[in-house]
Amino acid sequence: MNSYNELPKVYSPQDFEDRIYQNWCDKGYFTPDVNNPAPAFTVVIPPPNVTGQLHMGHALDETLQDILVRYKRMQGFNTLWVPGTDHAGIATQIKVEEQLRVNEGLTRYDLGRDAFLERVWDWKHQYGSRIISQLKKLGASCDWSRERFTMDEGCSKAVREVFVNLYDKGLIYRGNRIINWCPHCITALSDAEVEYSEQDGYFWHIKYPIKGEDGFVEVATTRPETMFGDTAVAVNPNDEATKHLIGKTLILPIVNREIPVVADDYVEIGFGTGCVKITPAHDPNDFLVGQRHNLEQIKVMNDDATMNGFAGKYEGMDRYACRKALVADLEAEGYIIKTVPHKHNVGSCYRCGTTVEPLTSNQWFVKMEPLAKPALEVVRDGTVKFVPERFSKIYVNWMENVHDWCISRQLWWGHRIPAFYCTECGEMTVSKTDIDKCPKCQGKVTQENDVLDTWFSSALWPFSTLGFPEKTAELEKYYPTSALVTGYDIIFFWVARMIFSGLEHMGKEPFNTVFIHGLVRDAQGRKMSKSLGNGIDPLEIIRKYGADALRYALATGNSPGNDMRFSDEKIEAARNFANKLWNASRFVRMNLTIDEIKLPSADKLAAEDKWILDKFNSLCAEVTSSLDKYEVGVALASIYDFTWDVFCDWYIELTKARLNEKETEGNIIAQNVLAYVLTGTLKLLHPFIPFITEEIYQSLPHTDESIMISEYPKFDSALTFTADSENMTKVIAAIKAIRARRNEMNVPPSRKAKVYVATRYTDAFNDSSKVFFARLASASDVEIADSFEGVISADDAVQIITDSATIFLPLSDIIDTEKELARLTGEEKKLIGEIERLEKKLSNEGFVAKAPAAVVEGEKAKLAKYRENLEGVKIALAKLRS
RNA sequence: GGAGGCAUAGCUCAGUUGGUUAGAGUACUUGCUUGACAUGCAAGGGGUCGCAGAUUCGAGUUCUGCUGUCUCCACCA
């Protein structure tokens, strides 16, 4: 007996996953040496929100990253996976405010800025490690010694550096522009943070009386409450129907304010009434019209979307209450011409869902045009590749049309904008370090109250985490990073901004490949969401099935960019695979007496050994090629097929005869090949299911301390036996013969029949192989010869013809003649059909002339084989019928 | 309005550059306490690959159009 531990009878992941993870951490396997000269492979984690809890989206994202990272690490790359969390401005602030409200009945204003921020930090310290420990449960091999937070000292320094540099270059400016305002979060939002959805609404057609005339102009609006901010009505200068109105003055109903009719191309001829009310302070298009015509901007709402003084008697009402009251009043006074139901797109805040209000406001912006240009270039020229390719189009399209990025938020939690205003002279100073005196007049300064968009710091993540703005060894070694793994839902928020930021501040793209995955949906294909309550908790799955099963379920069938469904069946199938692997390993382990694995020379290998080694070898080539293309699901499917169908169902069965022999050379060879192939398979599987593979690895003879630092199997030309076609054919012949025999009679193995195998590969069925043939084909006795002429013939036996052997089953042993007759008839029909098809194909001159010779030859050989088989089937049928 | 994805077995999905009789999981039928595994073993049924054309000796795979479906972007008050 060898010196390694036996495996427990039952696969119980809960018993070893935590222990193994702890050991990996203790050994420091996740922490690379920056001085290791091997080429780098670097991934930065998409930092989860610090307040968040692990959900299926994270689980998928982290699993895919860990697969790549473990794979590359085993291939010998200097591999670094940087973990960390995001301060998630709005999301976190909302959570803490909510807690404050529920527990103490206070608002953040009650506490004041500093005290409130202390509360948020408390929250961060209390819950910030929660998601990290959940990532560990999954098996993520991040370098925890480099864990970062977007508001830690280093990241804050990077933010300051970048902000000031951009400001100095004129790429950050402050200005009064129309922005998206969330009245619930009380802050400005960027365009990307607004989600549009179609809603039912109305077009209210309203009369705007013409000053000094009897007539009126008819305008239509979906938002009548903005009327208080109207400063013009616009018509198209080329519209004959409205031309006469240009220059006239209108009286705004209710308000009784005078506004001009202006001419502007923006108005589309033939759409609606041809007259558009212009509210420069509350509509992006109107804002532009207002600029062209020098119109006054009148903001009619407060920050919380209640009406302000400009709304007159409606002051203080919520915008929708005002809308209702105003429409009623307009109706009463005869200003409403008609009300038409209308579906339109309404924007809402991506954090709280409140309908956003477009309004003018003094905010900070990043000037996008100069930054977008190089960011487009690197994607167009392939320096940054998207997987799958199609997402580069989405990216390019967005980047080409991007507007300036509103980066200021009226929140407290976040990076406070490093602009300082002098209370004496009013001078604004932007500075990398805090200042308390105005550099101009030495007067007192106060810092800008606004903080930066969370995504401003996320955009710097690939280099801020590696030490920027310092020129560190880490930056030198690990930047640009290798692959960024994320969902398509944050391409605009994050990926795009990292690309232009990396180019601008590092002079180099932040990563070479963007590997995009889809969403994890529920079993019915619905998005998992809190409101639907259909979310599946990954931690629950881990508790029940183990982290490996979860990872397997997420990786299997995964194809880049596509959504996937998560279901009970999927996780059960995953667990079953792990269980199968466990039991196969247990069987191999039980039969091992060797202490080290050493493949014997090729001449000592049995035919089936060469067969499995050859299959394993091509598997290695397939898997590495798939993984290099980010085809995680395809790679895993190949290993699954090999493990279950080839290794377990055939090879293990084929070795049982030799395993039953004690202390023979054949036994030792079988042990070595079994252990070699199993160990190799475990290594191939390790990136996908790290825990079980490590647990099994430790119970088999091994040289590396851990499977995760062993070498990933690669194609080895010494283990290619395809050229040895005789040998390969023997095994395949045996398998086919066994299949044919099984197929013939679906009866209990206890009812055995004698089997005669006539084959030209007689040595594939040598004495020891007879044993497995007898077992696998449930034969009472097996006779093997190149011919049975004179012993048994079609007269007294059923013949089964394969391309490498003819099998005779004595008629006396056939149990169900009916069944056999049906089987053969079906076989005959199939063969006739195939022969017809091939004859037609081969008589097609075009095919014979133009198709590659190998294809034509293959078809010819197939036809010959089918004809031969058909003969045999016909004889057998005739015999049975007689 | 613009862009893109998807459409293959009852269900969920693979199918890499066009070339065996289109695969897997699951479900279903049948038979199995076969020396690790019933979370298993063996055998089987089930698909005109959404529709219509085109290219080709050959199309699930390439091209065009159509239908259905989902998503993203923009947005005309």
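Quick caveat: nothing in here was measured; it's all calculated off a predicted structure. Note that these values count all heavy atoms, side chains included, but never hydrogens, waters or copies made by symmetry. Just so we're on the same page: letters track the sequence lines, and every chain starts at 1.
One interatomic measurement links the two molecules: CG of N345(A) to C1' of A77(B), which rounds to 14 Å at whole-angstrom precision. Atom CH2 of W644(A) is separated from atom C1' of A42(B) by 14 Å (rounded to the nearest Å). Going from atom CD of E631(A) over to atom C1' of U17(B) covers 13 Å, rounded to whole Å. Per the geometry, CZ belonging to F587(A) stands 14 Å off C1' belonging to G40(B), to the nearest Å. Counting to the nearest Å, the C1' atom of C73(B) and the CD atom of E400(A) are 13 Å from each other. Between L700(A) atom CG and A36(B) atom C1' the separation is 13 Å, expressed in whole Å. For the pair F493(A) CZ and C73(B) P, the interatomic distance rounds to 8 Å; values are reported in whole Å. Atom CD of E857(A) is separated from atom P of U20(B) by 16 Å (rounded to the nearest Å).
Nearest-nucleotide mapping onto RNA chain B: of E859(A) and G274(A), the residue sitting toward the 5' end is E859(A).
Nearest to the side chain of H344(A), among C75(B), C73(B), A77(B), sits A77(B). Ranking G15(B), C37(B), A77(B) by closeness to the R586(A) side chain, first place goes to C37(B). Among the nucleotides G15(B), G40(B), A77(B), the one closest to the side chain of H342(A) is A77(B). Side chain of P852(A), nearest nucleotide from G19(B), A77(B), G35(B): G19(B). The N583(A) side chain lies nearest to C37(B) when the options are G19(B), C37(B), U39(B). Among the nucleotides A77(B), A74(B), C37(B), the one closest to any side-chain atom of T221(A) is A77(B). Listed nucleotides A77(B), C75(B), G25(B) differ in distance to A573(A); the shortest reach to its side chain belongs to G25(B). Each of A36(B), A74(B), C37(B) was ranked by its minimum atom distance to the side chain of N579(A); first place goes to C37(B).
As judged by a 4.0 angstrom heavy-atom cut-off over every strand, S567(A) is placed among residues making no nucleic acid contact. Residue S626(A) is out of contact with every strand shown, counting any heavy-atom pair closer than 4.0 Å. F492(A) comes within 4.0 angstrom of sugar-phosphate atoms only, judged by non-hydrogen atoms across all strands, and of no base. Residue N844(A) is in sugar-phosphate contact alone, with no base atom involved, counting any heavy-atom pair closer than 4.0 Å across all strands shown. Using a 4.0 Å heavy-atom criterion, one finds that K629(A) contacts the bases of the nucleic acid, with or without backbone contacts as well. In this structure, C275(A) reaches neither bases nor backbone, as no heavy-atom distance under 4.0 Å exists between it and the strands shown. Nucleic acid contact for Y640(A): sugar-phosphate only, since backbone atoms but no base atoms lie under 4.0 Å from a heavy atom of the residue.
When the C1' atom is used for both G15(B) and U8(B), the distance is 9 Å, rounded to whole Å. Going from the P atom of C51(B) to that of U61(B) covers 11 Å, rounded to whole Å. Comparing the same atom, P, in U29(B) and in G45(B) gives a spacing of 16 Å after rounding to whole Å. A7(B) sits 9 Å from C13(B) when the P atoms are compared, rounded to a whole Å.
At U20(B), none of the side-chain N or O atoms of K865(A) fall inside 4.0 Å of OP1 or OP2 (strictly under the cut-off). For the pair K580(A) and C41(B), the criterion of a side-chain N or O lying under 4.0 Å from OP1 or OP2 is met.
Cation-pi geometry between K580(A) and Y640(A) is not satisfied (NZ or CZ under 6.0 Å from the ring centre, within 45° of the ring normal).
A donor-acceptor pair under 3.5 Å links the side-chain atoms of R390(A) to the main chain of G561(A), judged by distance alone. Listed for the K570(A) side chain is a donor-acceptor partner under 3.5 Å among the backbone atoms of R565(A). S626(A) places no side-chain N or O within donor-acceptor distance of the main-chain N or O of V634(A), the cut-off being under 3.5 Å.
Separating the CG atom in L682(A) from the CD1 atom in I696(A) is a distance of 5.0 Å, to the nearest 0.5 Å.
Taking only distance into account, the side chain of E653(A) meets the base of A36(B) through a donor-acceptor pair shorter than 3.5 Å.
Smallest separation of non-hydrogen atoms from C275(A) and T242(A): SG-CG2, 4.0 Å. Here the closest heavy-atom approach between residue L7(A) and residue E695(A) is recorded as CD2-O, 4.1 Å.
Between E661(A) and R658(A) there is no salt bridge, since no side-chain N of the basic residue sits under 4.0 Å from a carboxylate O of the acidic one. Electrostatic pairing of E357(A) and R223(A) counts as a salt bridge here, judged by a charged N lying under 4.0 Å from a carboxylate O. Between E868(A) and K865(A), none of the side-chain N atoms (NZ, or NE/NH1/NH2) sits under 4.0 Å from a carboxylate O, so this pair counts as no salt bridge.
Not a single ring pair (Phe, Tyr, Trp, His ring centres under 6.0 Å) links F566(A) to another residue, sequence neighbours left out. Partners of F493(A) by ring pair (Phe, Tyr, Trp, His ring centres under 6.0 Å), not counting sequence neighbours, listed by chain and number: Y350(A), W455(A).
Listed by first residue number, the stems of RNA chain B with at least three Watson-Crick or G-U pairs below 3.5 Å are B:1-7 with B:67-73, B:10-13 with B:23-26, B:28-32 with B:40-44, B:50-54 with B:62-66.
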Enumerate donor-acceptor pairs with a distance under 3.5 Å from any side-chain N or O in residues 548-559 of chain A to protein atoms, sequence neighbours excluded.
unit_1: D548(A); atom_1: OD1; unit_2: F691(A); atom_2: N; d: 3.2
unit_1: D548(A); atom_1: OD2; unit_2: F691(A); atom_2: N; d: 3.4
unit_1: D548(A); atom_1: OD2; unit_2: I692(A); atom_2: N; d: 2.6
unit_1: R551(A); atom_1: NE; unit_2: F688(A); atom_2: O; d: 2.9
unit_1: R551(A); atom_1: NH1; unit_2: D66(A); atom_2: OD2; d: 2.8
unit_1: R551(A); atom_1: NH1; unit_2: L138(A); atom_2: O; d: 3.0
unit_1: R551(A); atom_1: NH2; unit_2: D66(A); atom_2: OD2; d: 2.8
unit_1: R551(A); atom_1: NH2; unit_2: P687(A); atom_2: O; d: 2.8
unit_1: S559(A); atom_1: OG; unit_2: N562(A); atom_2: ND2; d: 2.9

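Results of the side chain to side chain contact (heavy atoms under 4.5 Å, CB included) test with T222(A) over R323(A), H342(A), Q199(A) single out H342(A) as the only residue that passes.
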Pick out the pairs of N or O atoms, protein on one side and nucleotides 3-8 of chain B on the other, that lie under 3.5 Å.
none

Write down the protein N/O and nucleotide N/O pairs, taken from nucleotides 9-12 of chain B, whose separation is under 3.5 Å; answer none if there are no such pairs.
unit_1: U12(B); atom_1: O3'; unit_2: R565(A); atom_2: NE; d: 3.2

